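Step one of this worksheet: look at the structure below.
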Amino acid sequence: MSKTIIRAMVLPMTGPDAFFPEGEICIEDQRIVSVGETGSAPAGFIPDRILELPNDVVMPGLINTHTHAAMTLLRSYADDLPLMPWLQEKVWPFEDKLTDEDIYWGTSLALCEMIRSGTTTMLDMYASMDQVAEAVLLAGTRAVLSRGLIGNGPNGNRALQENIDLVHRYHGAGNGRVSIMFGPHAPYTCSAEYLQKVKTEADRLKVGIHIHVAETQDEINIIKEQQGKTPVQWLDELGLFGGHVVAAHCVHITPQDMEIFARQHVCVAHNPESNMKLSSGTAPITELRSKGVVVSLGTDGASSNNNLDLFGEMRSASYQQKLRVNTTALPAYDVLEMATIGGAQTLGLEDVGMLAPGFKADLITIDMDQPHFYPRFSIPAHLVYAAHAGDVRTVMVDGKLLMEERKLLTMDVGKVCHEAEIRAKRIFKELNG
Ligand SMILES: CSC[C@H]1O[C@@H](n2cnc3c(O)ncnc32)[C@H](O)[C@@H]1O
Ligand SMILES: [Zn+2]
């Protein structure tokens, strides 16, 4: 049994007006017991640890709903290219050389970066997912993991079996910190028959599906030529939707596609920085949200971003919609919702994303006693428009501290950076002599 009290400014993300300037959160083991003003702890709650952080804001941990964690090994390896040449000429040849251990260390590097920037949960899609799961279990974060499935390639069936095995081995592991989805890569890398097989397995094992959808105009052209309809309409007619589906990107979608998402409760993972860097386009986020579609935020991998910082992603998401629509689009609180409770809804996690009694204690604190946070007119505006990754002081997941005073408690950052550097450079040498 462990009992903790955190005293700080509390932004619980339970509604736009909920804020406790002199707040207090009580935590027992993995869960939050109470949230309120200082002095609101239940009678008889005797903590064995008190974190006095009066100049910090405590808020839910951020949730990254689309990434390829181990792609940290490709950071700054392949820049300034559009999606297809980037994948075909640079990324896939590099990924062909990755070993299971490389993916373990690349994922660990991503987890160091995520914890240090306030991300407590990720939805990942990659290969060697047992190693990814082990890295997550050791780091102490929460993750939903999917085996990336390129159905049209020679390994499509083997990869599908790996995804099935992953469900059996890791769904619910780490006291529920790890769960599994299926990861068909995209409409242009999976046939109709393959996607239907994936859907059958996902339904049988009662887990969700994570897929890239409508990322580029090239994808729309390919699928329209092959199928005579948009990727979203094709996937809908194939029967892929209807269960729990997370669609990443969704840049080039029509009003009819948005109606399908709303009707089928497809959740969208928006990746504004990757979409800008690959020059893919600007997703119609305000329209999706006004149709009732759940939209959350992802960074995509570190090769198309090139960081895993959701504070930057929140700012980019807001600014991008303001540029596309007008200045009232995606105000600060709405973006914070996308990065917290919206992320939890996207991942089907019912007890994270807010600070409320009964919820899991996945939370972060941000040091507000810094010049760029004065004067304090609006905490949500500060967090979205002024904060950066380095402002995160404390990270807790499942009631366990993963970072205190910016020191990682579960990971050896020096060792992780060293392993990542030598492994990435080895592959570079293998490819370039
Ligand atoms: C088979 S594992 C996942 C696969 O996806 C690749 N990937 C990374 N970013 C993107 C993106 O924006 N669109 C499509 N595919 C992407 C990654 O390199 C892996 O090969
Ligand atoms: Zn992706």
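FYI, the numbering just counts along the sequence from 1. Keep in mind that this is a model prediction, so the values were computed, not measured.
- The closest side-chain heavy-atom distance from R169 to I180 is not below 4.5 Å.
- In the model, D309 has no side-chain atom that pairs as donor or acceptor with a side-chain atom of S117 under 3.5 Å.
- Side-chain N/O atoms of N305 and E313 include a donor and acceptor closer than 3.5 Å.
- Using a 4.5 Å heavy-atom threshold, the side chains of I150 and N155 count as separate.
- For the pair H244 and I209, the minimum side-chain heavy-atom distance is 4.5 Å or more.
- Judged purely by distance below 3.5 Å, without hydrogens or angles, the side chains of N152 and T189 never pair a donor atom with an acceptor atom.
- Within the model, atoms CG of N163 and CE of M125 stand 9.5 Å from one another, a figure rounded to the nearest 0.5 Å.
- Side-chain contact between S146 and V246 is absent, with no heavy atoms from C-beta onward closer than 4.5 Å.
- Listed here is the closest heavy atom pair of M314 and L336: SD-CD2, 3.7 Å.
- Heavy atoms only, all atoms of each residue included: A283 and C250 are closest at CB-O, 3.6 Å.
- Under the 30°/60° scheme for interplanar angles, the aromatic rings of F428 and Y77 are found to stand perpendicular.
- Each of R263, Q264, K199 was checked for a side-chain contact (heavy atoms from CB on, under 4.5 Å) with F241, and the lone residue meeting it is Q264.
- In plain terms, the two heavy atoms of V178 and L145 that are nearest each other are CG1-CD1, 3.9 Å.
- The shortest side-chain heavy-atom distance between R289 and I285 falls under the 4.5 Å cut-off.
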Derivation and outcome, side chain to side chain donor-acceptor pair (under 3.5 Å), residues T286 and R324: CA-CA 10 Å; T286 52; R324 194 183 69 86; 3.1 Å; yes
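- Under 3.5 Å, the side chains of S280 and N275 contain no donor-acceptor pair of N or O atoms.
- For the residue pair E113 / N307, no side-chain donor-acceptor distance below 3.5 Å is found, with atom types taken as modelled.
- Around atom CD of E430, more than 12 heavy atoms belonging to other residues, nucleotides or ligands sit under 6.0 Å away.
- Here the two rings, on H382 and F373, have centers that are under 6.0 Å apart.
- The environment of R393 atom CZ is dense: over 12 non-hydrogen atoms of other residues, nucleotides or ligands sit within 6.0 angstrom.
- Using a 3.5 Å distance cut-off with no hydrogens or angles, the side chains of Q217 and N221 do pair a donor with an acceptor.
- For the pair P60/V352, no side-chain contact is recorded, criterion being any heavy-atom separation below 4.5 Å from C-beta on.
- Look at E95 and K90 and you find no salt bridge, because none of the NZ, NE, NH1 or NH2 atoms lies under 4.0 Å from a carboxylate O.
- Between K291 and E287 there is no salt bridge, since none of the side-chain N atoms of the basic residue sits less than 4.0 Å from a carboxylate O of the acidic one.
- Side-chain contact check for R158 and Q161: no donor-acceptor pair (N or O, by modelled atom type) lies under 3.5 Å.
- Between M411 and the choices T141, L111, L402, the side-chain contact (heavy atoms from CB on, under 4.5 Å) rule is met once, by L111.
- T340 and G353 get closest at one heavy-atom pair: CB-O, 3.6 Å.
- We find that K197 and E201 are not joined by a salt bridge, their nearest charged nitrogen and carboxylate oxygen being 4.0 Å or further apart.
- Checked by atom type, the side-chain pair Y170/E134 shows a donor-acceptor distance below 3.5 Å.
- The shortest heavy-atom contact between L401 and L409 is O-CD1, 3.7 Å.
- Checked for salt-bridge contact, D165 and R147 miss the test: no charged N lies under 4.0 Å from a carboxylate O.
- Ion pairing between a basic and an acidic side chain is recognised when a charged N comes within 4.0 Å of a carboxylate O; D102 and R426 show such pairing.
- The CG atom of D79 sits 5.0 Å away from the CG atom of N306 when rounded to the nearest 0.5 Å.
- Within the 4.5 Å cutoff, the side chain of Q345 has no heavy atoms near those of the S296 side chain.
- Between H249 and H212, the ring planes lie parallel to each other; the angle is under 30°, not in the 30° to 60° tilted range.
- Between L149 and H185 the shortest side-chain heavy-atom distance does not fall below 4.5 Å.
- Using a 4.0 Å cut-off between a side-chain N of Lys or Arg and a carboxylate O of Asp or Glu, D351 and R31 qualify as a salt bridge.
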Salt bridge (charged side-chain N to carboxylate O under 4.0 Å, His left out) between R406 and D367, intermediate numbers included: CA-CA 10 Å; R406 291 207 59 71; D367 174 9; over 6 Å; no
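- Judged by distance alone, the side chains of T67 and D124 never bring a donor and an acceptor atom under 3.5 Å apart.
- Looking only at atom types and distance, the side chain of T120 has no donor-acceptor partner in the side chain of R142 under 3.5 Å away.
- Residues H210 and H66 place their aromatic rings such that the two centres sit under 6.0 Å apart.
- Other residues, nucleotides and ligands contribute more than 12 heavy atoms inside 6.0 Å of the NZ atom of K322.
- Under a cut-off of 6.0 angstrom, the local environment of CD in E350 is sparse, with at most 12 non-hydrogen atoms contributed by other residues, nucleotides or ligands.
- Remark: the S316 side chain and the E273 side chain contain an N/O donor-acceptor pair separated by less than 3.5 Å.
- S303 and W86 form a side-chain donor-acceptor contact under 3.5 Å, judged by distance and modelled atom types alone.
- Taking all atoms of both residues into account, the shortest heavy-atom contact from L138 to Y104 is CD2-OH, 3.4 Å.
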